[in-house]
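The block underneath contains the structure these notes are about, expressed in structure tokens.
Atoms within each ligand, like the ligands themselves, are counted from 1 in listed order.
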Amino acid sequence: MDTGFIKIDPGLDYEKICEQIEPAARIIAEGGLVAFPTETVYGLGANALNEDAAKKIYAAKGRPSDNPLIIHIADIDSLYEIGKDVPDAAIKLAKAFWPGPLTMIVNKKDNIPYTTTGGLDTVAVRFPSHPVARALIQKSGCFIAAPSANTSGRPSPTLAKHVTEDMNGKIEMIVDGGECNIGLESTIVDLTDSKPVILRPGYITLPMIKNLLSECEVDPGIIAADSLKKPKAPGMKYKHYAPKAELTVVDGSEDAVVETINRLSDELRKNGKKVGIIATESTIGRYRGDILENIGSRDDEETIARNLFAVLRDFDEKNVDRIFSESFESPNVGQAIMNRLLKAAGHKVIKAD
Ligand code: AMP
Ligand code: MG
């Protein structure tokens, strides 16, 4: 298949964006696949109510069929056309965080096909803030089911060129809207039990949600590597975000981390291996490796989040044999960064202290 490619500047007037999105919207309405930018990562969209279209998403990504898709909407009221018995907590969260990087799980209405929900009676819904995403949903006249637009298991795309790497020839169109601002997938909160549970950490953090709902916890199944609990979001159990080379996270004080990574890197390089290192602004000058990536300043978690997936993809392109990364912990976006990094590392962590 020839994949069409259009570029839309998200800074244009919304009316102009709506005009330019027309060919992509037509493809969605006719049951085809379009990759498009959102504020989190690029999504791979299809009409959520059309089973054949939704099936094509799983095929293009190589995604297991029990891993449900998030349905994207362009106004809060649409939540009631998709969800059944929508709880008050959902309205509170929607008013505070929509449009934005928050996905809510509610019980599904009968019109939502099981292909979209991976066989579940619940459904994931998000109202994105990115103007290109909103224009695509509005102009297509569809609810758009869209997982991240990467081949299953690879780091999520934050630039159109990442989408091209994985999807060229497999989908009808790619809409390039520049770099995704947040760079990590949406926070997922499950509202189908008595207590809200975060199934996937993201830019909207636990303290932000607790501020509104008082009760909320993080799914214990996603925290520990050796947890016996299964994560509640089916997608969280799969290996994900992994670069081709083995990645190890090194945790500890700055000096101990630098010293440990340099020692491991020296050994590997002596044996002819190509070593990549994920460093920060203050440490990058202290490392010995073949490819050093500055992921940003430790004081600026948002930049680190935005750069993470691109840095992981870059190591694939440069064919490194091993990767070491510093560790990023904090109660805020750091939790989402670490969640993705640990999954990418298959939970391999070395304590440097
Ligand atoms: P992606 O859009 O590629 O980031 O994947 C969507 C994520 O949402 C996956 O981790 C899914 O398992 C999760 N998800 C979607 N629908 C549901 C649902 N009904 N219940 C729990 N998790 C869901
Ligand atoms: Mg994904």
Side-chain angles (χ1 to χ4, degrees), residues 33-46 48 54 57-73 79 82-87 90 101-109 112-128 130 133 143-158 162-163 166-167 171 180 182-193 196-204 218-219 221-222 229-242 305 308-309 312-313 336 339-340 343-344:
L33 300 188
V34 174
F36 61 99
T38 80
E39 68 277 21
T40 58
V41 300
Y42 274 79
L44 179 58
I57 293 181
Y58 291 92
K61 281 180 63 82
R63 182 174 176 108
S65 61
D66 69 345
N67 189 359
L69 311 175
I70 295 172
I71 299 185
H72 293 72
I73 58 178
L79 176 60
I82 295 168
K84 195 169 66 179
D85 311 323
V86 175
L102 179 76
T103 296
M104 294 196 258
I105 311 283
V106 293
N107 291 314
K108 83 170 191 74
K109 275 199 164 157
I112 307 300
Y114 282 114
T115 313
T116 299
T117 68
L120 298 174
D121 288 314
T122 57
V123 61
V125 188
R126 181 162 96 87
F127 174 3
H130 197 293
F143 301 140
I144 298 188
S148 49
N150 51 285
T151 299
S152 209
R154 290 207 75 201
S156 299
T158 55
H162 300 156
V163 181
D166 288 11
M167 293 297 153
I171 63 176
C180 299
I182 292 175
L184 296 179
E185 304 86 344
S186 57
T187 305
I188 302 180
V189 56
D190 183 356
L191 299 170
T192 59
D193 274 336
V197 183
I198 292 180
L199 306 187
R200 177 171 74 186
Y203 184 83
I204 307 290
V218 178
D219 176 11
I222 61 171
K229 291 198 162 130
K230 260 199 356 217
K232 285 181 74 184
M236 297 300 276
K237 71 176 183 264
Y238 294 107
K239 184 172 167 235
H240 205 336
Y241 317 121
L308 177 64
F309 288 140
L312 292 176
R313 277 184 179 258
N339 169 264
R340 307 308 192 274
K343 285 196 78 170

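- Residue contacts with ligand 1, taken as heavy atom pairs separated by less than 4.0 Å, involve Thr122 via backbone and side-chain atoms alike.
- With a 4.0 Å heavy-atom cut-off, ligand 1 is reached by the side chain of Leu199 but not by its N, CA, C or O.
- Neighbours of the Mg ion (ligand 2) restricted to protein N, O or S atoms under 2.8 Å: the count is 1.
- Within ligand 1, counting atoms from 1 as listed, the ones closer than 4.0 Å to a heavy atom of Leu120 are 18 (C), 19 (N), 20 (N).
- Remark: ligand 1 and Glu185 share no N or O pair separated by less than 3.5 Å (distance only, no angle test).
- Looking only at side-chain heavy atoms (C-beta outward), Phe36 and Ile144 come within less than 4.5 Å of each other.
- A side-chain donor-acceptor contact under 3.5 Å links Asp166 to the backbone of Thr151.
- When all heavy atoms of Thr38 and Cys180 are compared, the pair lying nearest together is O-SG, 3.4 Å.
- Close contacts between ligand 1 and Ile188 involve ligand atoms 7 (C), 8 (O), 13 (C) [criterion: under 4.0 Å to a heavy atom].
- No side-chain donor-acceptor contact under 3.5 Å links Thr103 to the backbone of Ser186.
- With a 4.0 Å cut-off on non-hydrogen atoms, Asn67 touches ligand 1 through its side chain and not its backbone.
- Not close to ligand 1: Thr117, with no non-hydrogen atom less than 4.0 angstrom away.
- In the vicinity of Arg200, heavy-atom distances shorter than 4.0 Å reach the ligand 1 atoms 1 (P), 4 (O), 5 (O), 7 (C).
- Leu184 places a side-chain heavy atom less than 4.5 Å from the side chain of Phe309.
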task = For Glu185 and Ser156, run side chain to side chain donor-acceptor pair (under 3.5 Å): C-alpha distance rounded to whole Å, both residues' side-chain angles, the deciding distance at 0.1 Å, then the answer.
result = CA-CA 8 Å; Glu185 304 86 344; Ser156 299; 2.5 Å; yes
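- Phe127 CZ: more than 12 foreign heavy atoms inside a 6.0 Å radius.
- Residues Tyr58 and Thr115 meet the side-chain proximity criterion, which asks for heavy atoms closer than 4.5 Å.
- Taking every non-hydrogen atom of Ser148 and a distance limit under 4.0 Å, the qualifying atoms of ligand 1 come out as 1 (P), 2 (O), 3 (O).
- Annotation: side chain of Lys61 is not in contact with side chain of Arg154 (no heavy-atom distance under 4.5 Å).
- Nearest protein heavy-atom contact of atom 18 (C) of ligand 1 is Ile105 CD1, 3.5 Å.
- The nearest heavy-atom contact from the protein to atom 12 (O) of ligand 1 is Gly235 N, 2.6 Å.
- For Glu39 and Arg126, the salt-bridge test passes: some basic side-chain N is under 4.0 Å from an acidic carboxylate O.
- With contacts defined as side-chain heavy-atom distances shorter than 4.5 Å, the pair Val106/Val123 qualifies.
- Heavy atoms from other residues, nucleotides or ligands lying under 6.0 Å from NZ of Lys109 number more than 12.
- Listed by number with element, the atoms of ligand 1 under 4.0 Å from a non-hydrogen atom of Val123 are 19 (N).
- Atom 2 (O) of ligand 1 has its nearest heavy-atom neighbour, among Pro147, Gly202, Gly43, in Pro147.
- Summary of contacts: the protein heavy atom closest to atom 17 (C) of ligand 1 is Pro68 CG, 3.4 Å.
- Between the side chains of Arg63 and Asn67, at least one donor N or O lies within less than 3.5 Å of an accepting N or O.
- The shortest heavy-atom distance from Arg63 to ligand 1 is under 4.0 Å.
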